[in-house]
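Take a look at the structure below.
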Amino acid sequence: MGAYCNENLSFSPDCNLSPSPDLRLSKHVHDNVHGNIYLDPLALKFIDTEQFQRLRELKQLGLAHMVYPGAVHSRFEHSLGVYWLAGEAIQKLKTYQGSELGIDRFDVQTVKIAGLLHDVGHGPFSHLFEREFLPKVLNGFTWAHEEMSAKLIDHIVDVHHIDVESEMIKRVKEMILASSEFAPPKSAKEKQFLYDIVANGRNGIDVDKFDYIVRDSRACGLGCSFDFHRLMETMRVLGDEICYRAKDYLSIHKLFVTRADLYRTVYTHSKVKAVELMVVDALLKANSYLEISSSIQDPSEYWKLDDSIIKTIETAPDEELRESRDLILRIRRRKLYQFCNEYSVPKDKLEHFKNVTARDIACSQKNGGVLLKEDDIAVSNVRIDLTRGRQNPLESINFFKDYDSEEKFPIPDDRISHLLPTSYQDMIVRVYSKKPELVVAVSEAFENFQLKVYGVKAQVHDTPEKKKRRI
């Protein structure tokens, strides 16, 4: 394609600073978080495909609605939200530094489409599919939804003959992969700051988090004091990197803390994890018959996989799916795996911690009584951090003093408020009994394991008697 500007088609890198389209003439949807979201013609070409519409069938929070009934929003509205915020972010940079940075309409459109399509390759049940299910069936092979998003984008463009610049699609995929372990080398040597907007691999501050933190908090009925508008209004590009005012470091810290709180109270809630463990077991038992994992390299088949796989299993009469059906029926009737107890790994043991397994617990039971089998126990190893593991996330962010200064700098640990935490990661080990009558035996084995590994019981309290009597 030649270098030309056409509002209804694609934008070349040479297409610069044309008049903005009249939003009154644009299609829009009303979002419960951001208000009116205006959709440009190219975005609509992707949205109005069966591959993108699939996102309506993927709950953003997977199985969290089993504990938080309002958490039924989908990846569809989240993707629209990230599209909108990506556009807002790049427009603000263009308004304040556009001529200095050379931001053009091609850049704006590319960033918006990256925001729109960043989750198009996501698997069912939030991150359960790629982090809990696939590792058990792929024997060490690594798969990530960001890679599938990139493959699906090519598939959508080819199948639906979307007229879009190939260079734009290339950069969109790079932006989506920017924060993943599969991030390719960036083809553009200039304007590296554009890769900080949707999936920030440098420091984790991006519009994806801005949207899901507010959206998830609202859906679950939780308060959210983090305000992303302030950061978007005051951010600035220095040295080809998005930087923030030093006076806003507490607001940025609140972003990471709010995310960690959501992980602790919602995403990894003990009951949510109990349901997830049961769904993983159901999928594993059904996989050989339904070949659930067979499509993960083929976008033409993968887009047909969504949360409805549970209903498929539940309503199928096939004898091969009986065990999976029974597990789903238990979930429907709230006969969940029983949470026995948990402990936080001591800080001095975090560096060399290895995931605890059901075998570890089964092998820790004392002689006599019920003989526990590995399959009687489920273990959840929950890691919660501030996006940078055991490191202070503020140290990977560059700040500036004021708008008259061209200097950027990180804020080291010893310069921040002493009220902020000095530990940035928590590792929680939770153990469940798959059968209610084994809660006592599993709880005792779990306590023995702690004594064997740490010399003390690391759990806060004993397993409640009420749980032990529940049969």
Side-chain angles (χ1 to χ4, degrees), residues 1 3 5-16 37 39-49 51-55 75-76 78-91 93-94 101-122 144-202 206-211 242 299 302-303:
M1 294 177 70
C5 296
N6 187 317
E7 181 183 320
N8 294 312
L9 294 174
S10 59
F11 305 107
S12 159
D14 298 326
C15 175
N16 202 353
I37 291 178
L39 305 170
D40 64 65
L42 182 58
L44 282 169
K45 293 185 181 194
F46 283 98
I47 292 170
D48 294 336
T49 64
Q51 291 81 11
F52 189 86
Q53 292 293 318
R54 161 186 176 268
L55 297 180
R75 294 213 171 259
F76 181 85
H78 166 62
S79 296
L80 295 185
V82 177
Y83 158 83
W84 181 248
L85 289 183
E88 290 286 283
I90 187 66
Q91 285 291 357
L93 292 176
K94 182 178 177 182
L101 300 173
I103 298 173
D104 54 37
R105 289 191 67 197
F106 178 88
D107 298 326
V108 173
Q109 185 74 77
T110 302
V111 169
K112 289 167 67 177
I113 295 299
L116 180 72
L117 301 177
H118 78 286
D119 267 353
V120 74
H122 217 288
H145 73 270
E146 293 92 349
E147 276 196 310
M148 179 50 74
S149 291
K151 292 179 180 179
L152 260 173
I153 289 169
D154 288 335
H155 178 70
I156 293 171
V157 170
D158 291 343
V159 169
H160 298 279
H161 309 293
I162 296 177
D163 191 4
V164 59
E165 190 76 36
S166 60
E167 182 62 24
M168 179 180 290
I169 291 300
K170 181 180 180 181
R171 293 192 193 177
V172 163
K173 292 187 292 185
E174 289 174 353
M175 289 178 185
I176 290 172
L177 290 164
S179 64
S180 79
E181 59 182 296
F182 303 101
K186 299 179 179 67
S187 57
K189 301 305 179 185
E190 300 176 340
K191 302 181 186 178
Q192 294 286 298
F193 66 89
L194 295 175
Y195 295 85
D196 296 344
I197 295 174
V198 174
N200 191 335
R202 293 197 226 219
D206 50 48
V207 295
D208 179 27
K209 289 184 184 66
F210 290 175
D211 183 84
I242 295 179
Y302 176 80
W303 75 267

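For clarity, every value in this text was computed on a predicted model and none was experimentally measured.
- Remark: side-chain polar atoms of Arg75 are not paired, donor with acceptor, to backbone N or O of Arg54 under 3.5 angstrom.
- Note that CE of Met148 is 13.5 Å distant from CH2 of Trp303, once rounded to the nearest 0.5 Å.
- Residues in residues 106-115 take part in these salt bridge (Lys or Arg N to Asp or Glu O under 4.0 Å) pairs, two or more places apart or across chains: Asp40-Lys112, Asp107-Lys191.
- Counting only distance, with no hydrogens or angles, the side chain of Asp206 and the backbone of Lys209 share a donor-acceptor pair below 3.5 Å.
- Inter-residue side-chain proximity for Ile153 and Ile176 is flagged as met; some heavy-atom pair is nearer than 4.5 Å.
- Within the model, atoms NZ of Lys94 and CG of Leu101 stand 12.0 Å from one another, a figure rounded to the nearest 0.5 Å.
- In this structure the side chain of Gln51 never reaches within 4.5 angstrom of the side chain of Phe46, judged on heavy atoms.
- For the side chain to side chain contact (heavy atoms under 4.5 Å, CB included) criterion with Leu93, the lone passing option out of Val111, Ile242, Val108 is Ile242.
- Side-chain atoms of Tyr195 never come within 3.5 Å of backbone atoms of Glu174 as a donor-acceptor pair (strictly under, hydrogens ignored).
- Contact check on Arg171 versus Glu167 returns a salt bridge, with a Lys/Arg side-chain nitrogen under 4.0 Å from an Asp/Glu carboxylate oxygen.
- Looking at Asp211 and Trp84, their side chains never come closer than 4.5 Å, going by heavy atoms from C-beta outward.
- Taking every heavy atom of both residues into account, Ala86 and Val198 meet most closely at CB-CG2, 4.1 Å.
- Contact annotation: the side chain of Glu165 approaches that of Phe106 to within less than 4.5 Å [non-hydrogen atoms, C-beta and beyond].
- Annotation for Asp208 and Val82: closest pair CA-CG2, 3.9 Å, computed over non-hydrogen atoms.
- For Ser79 against Leu55, the heavy-atom pair with the smallest separation is OG-CD1, 3.6 Å.
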**Study point:** Intermediate values then yes/no, side chain to side chain contact (heavy atoms under 4.5 Å, CB included), His155 and Leu152
**Key:** CA-CA 5 Å; His155 178 70; Leu152 260 173; 4.1 Å; yes
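- Here CD1 of Ile37 is found 7.5 Å from CG of Leu85. Values are rounded to the nearest 0.5 Å.
- Asp48 is linked by a salt bridge (Lys or Arg N to Asp or Glu O under 4.0 Å) to nothing, counting only residues two or more places apart in sequence or in another chain.
- Counting only heavy atoms from C-beta outward, the side chains of Phe76 and Phe52 approach each other to under 4.5 Å.
- Ser149 places a side-chain N or O within donor-acceptor distance of the main-chain N or O of His118, the cut-off being under 3.5 Å.
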Point to revise | Trace of the side chain to side chain contact (heavy atoms under 4.5 Å, CB included) decision for Ile156 with Val120 | key: CA-CA 10 Å; Ile156 293 171; Val120 74; 4.2 Å; yes
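- Considering every non-hydrogen atom in both Met175 and Leu194, the closest pair reads CE-CB, 3.9 Å.
- Residue Val207 comes nearest to Ala89 through the heavy atom pair CG1-CB, 4.2 Å, listed as atom of the first residue, atom of the second, then distance.
- Scanning both residues, Asp154 and Lys173, for their nearest heavy atoms gives OD2-NZ, 2.8 Å.
- Distance check, rounded to the nearest 0.5 Å: CG of Leu80 to CD1 of Ile47 gives 5.0 Å.
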